[in-house]
Amino acid sequence: MDKPVPIYRHRLATRLWHWITALSVVVLLGSGLTISNAHPHLYWGQYGANFDTPWLSLPHFPPWMTIPSRYNLALARDWHLLFAPVLAFSLLSYMIASVLNRHFQRDLRVRTHELRLDALARDFREHLALRFHDPDHPAAYNLFQKLAYVVVIFVLLPLMILTGIALSPGMNAAWPWLLDVFGGRASARSIHFVTAALLGLFLVGHLALVILAGPINEIRSMLTGWWRVPESKA
Amino acid sequence: MITRRSLIVGGAGVLLAGCDTIAATPVAGELFDAGEAFQRRLQRLLTSRTALAPEYLPEQRSPIFRANGTRKPVGTDYQSHLDSRFADWRLRIDGLVAHPLTLSMAQLRAMPARTQITRHDCVEGWSAIGKWMGPRLSLLLDAAQLSDRARYLVFHCADVLYGRPYYESIDLVDARHPQTILAWALNDQVLQVANGAPLRLRVERQLGYKHAKYVHRIEAVESLAPIGAGKGGLWEDIAGYQWYAGI
């Protein structure tokens, strides 16, 4: 049996961004649940309040899920608005760094043939068999992984940030076009919540797969950059 | 036995409980203040002084403009004002001004008024669009001749919340803003009690708790520290809401 060979898999920019974002997302989601509890109804359009018809009414999120545990909207906003620019500016820095160090171009480029049904089906079967890497290209992300990361980095996180900015009455005066893009303040808020839920789903899936892939090796590689290539399962 | 699952759930619990512990420390308080200052400065950098909050068409108004906070100030004073249709209500403008003013509702209604159909965003998350009408604050400040030493305008209100008189404050950027008005009408009707009769502040680039209701005095000051608990508003004093509510 060959000893697992360590390879350098994650660049510094990736690792820094990953942990800053992980912390930010946890704080933003937790404090976001408190903010949701303050008015657990979502509307479409320019406005929405108690006498209007929500398209969705949310459950009351229990204290064990929220930041802070005991309902305190002012404190939840403090957490939320402290970490929101952290998320936004670190994403921006990471995107610039990852274009310059070619991480995006080399590791996250999605090719057309990879979007075909047979390619997706094959990756799904590999996942069911708990095979997460290609022995010929061990460092490369698998297809589901790559697609998930691309959606998170280029769609979900930017949407969170832009809809979040659109919820600020001060920024509505600075960038009125942002409200138009989303179809109004109530719509921006709905999209903000829906995207957050999708990010929450990603988080659950991400953690599950990290655990299934061997958490010590995976987490160590995101800390030091070095990853031991798992033995190929026959 | 420590299973992976119990570690994860335990870890998540520790993280959330940890946030509660961290939030109680002085360092956290300073970080939150720094966060607020950063957001305020960044927003002010990105926003021109006269950039307007969105204004809407009449048909875009909320069918029902809900009320929040105090629905009616308690006490016989306000009731007798209400009974006499605010004939004896006076708006005092004092503090760091050269000419303190005392204005009746008749005088305020006779002043040139700005009409604006704007969106009210509550910090809770709901929004309502309504048509407000009233004189610009800058008009009143010019009439009273604001001193150069004045840095904030404090709005004193007739209602009492949790044992303290409601008050709010804004700086000169928002005080001079074209959409900052003392509204006496909502949706083509004289302002109702629940929405702040007879006089309601509109600060259209900030959240709803800044829009003081039942205003009877505007005080120009150099510092917010001596007023209330010094944080610039009732909700800021008692619950820690941010003074700059542009976010």
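Note that this is a predicted model, so its numbers are computed, not measured.
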Are [X] and [Y] linked by a side-chain donor-acceptor pair shorter than 3.5 Å?
X	Y	result
B/Arg119	A/Tyr47	no
A/Asp123	A/Gln145	no
B/Asn68	B/Arg66	yes
B/Tyr167	B/Asp237	yes

Segment of [X] engaging chain A (4.5 angstrom heavy-atom cut-off):
X	result
B/Gln60	both
B/Arg61	backbone
B/Leu52	backbone
B/Gln39	side chain
B/Ser62	both
B/Phe38	side chain
B/Leu42	side chain

Using a 3.5 Å distance criterion without hydrogens, assess whether the side chain of [X] forms a donor-acceptor pair with backbone atoms of [Y].
X	Y	answer
B/Thr180	B/Asp174	yes
A/Thr34	A/Ile67	yes
B/Arg205	B/Gln179	no

Would you mind checking which part of [X] comes under 4.5 Å of any heavy atom in chain B, side chain (CB onward), backbone (N, CA, C, O), both or neither?
X	answer
A/Ile165	neither
A/Asp52	side chain
A/Val86	neither

Only pairs of heavy atoms separated by less than 4.5 Å count here; which of [options] has the most with chain A?
options	result
B/Ile64, B/Asp121, B/Leu46, B/Thr47	B/Asp121
B/Ala51, B/Pro54, B/Gly125, B/Ala245	B/Gly125
B/Ala23, B/Gly35, B/Cys19	B/Cys19

For each of [options], tally heavy-atom pairs with chain B at distances under 4.5 Å, and name the one with the top tally.
options	value
A/Tyr43, A/Trp175, A/Phe89	A/Phe89
A/Leu82, A/Val27, A/Leu73, A/Leu167	A/Leu73
A/Ala84, A/Pro68, A/Pro169, A/Ala49	A/Pro169
A/Arg185, A/Gln46, A/Arg189	A/Arg185

field: salt bridge (charged side-chain N to carboxylate O under 4.0 Å, His left out) partner of B/Asp171, the single match among B/Lys210, B/Arg40, B/Arg44
entry: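 Of the listed residues B/Lys210, B/Arg40, B/Arg44, the salt bridge (charged side-chain N to carboxylate O under 4.0 Å, His left out) partner of B/Asp171 is B/Arg44.
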
- prompt: Going by the angle between their ring planes, with limits at 30° and 60°, are B/Tyr209 and B/Tyr241 parallel, tilted or perpendicular?
  reply: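 The rings of B/Tyr209 and B/Tyr241 sit tilted, inter-plane angle from 30° to 60°.
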
query: For B/Glu236 and B/Trp243, which heavy atoms make the closest approach, and how far apart are they?
result: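 Shortest heavy-atom separation between B/Glu236 and B/Trp243 comes out as OE2-CA, 3.6 Å.
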
- prompt: For A/Trp44 and A/Ser190, which heavy atoms make the closest approach, and how far apart are they?
  reply: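 Result for this residue pair: CZ3-CB, 3.7 Å.
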
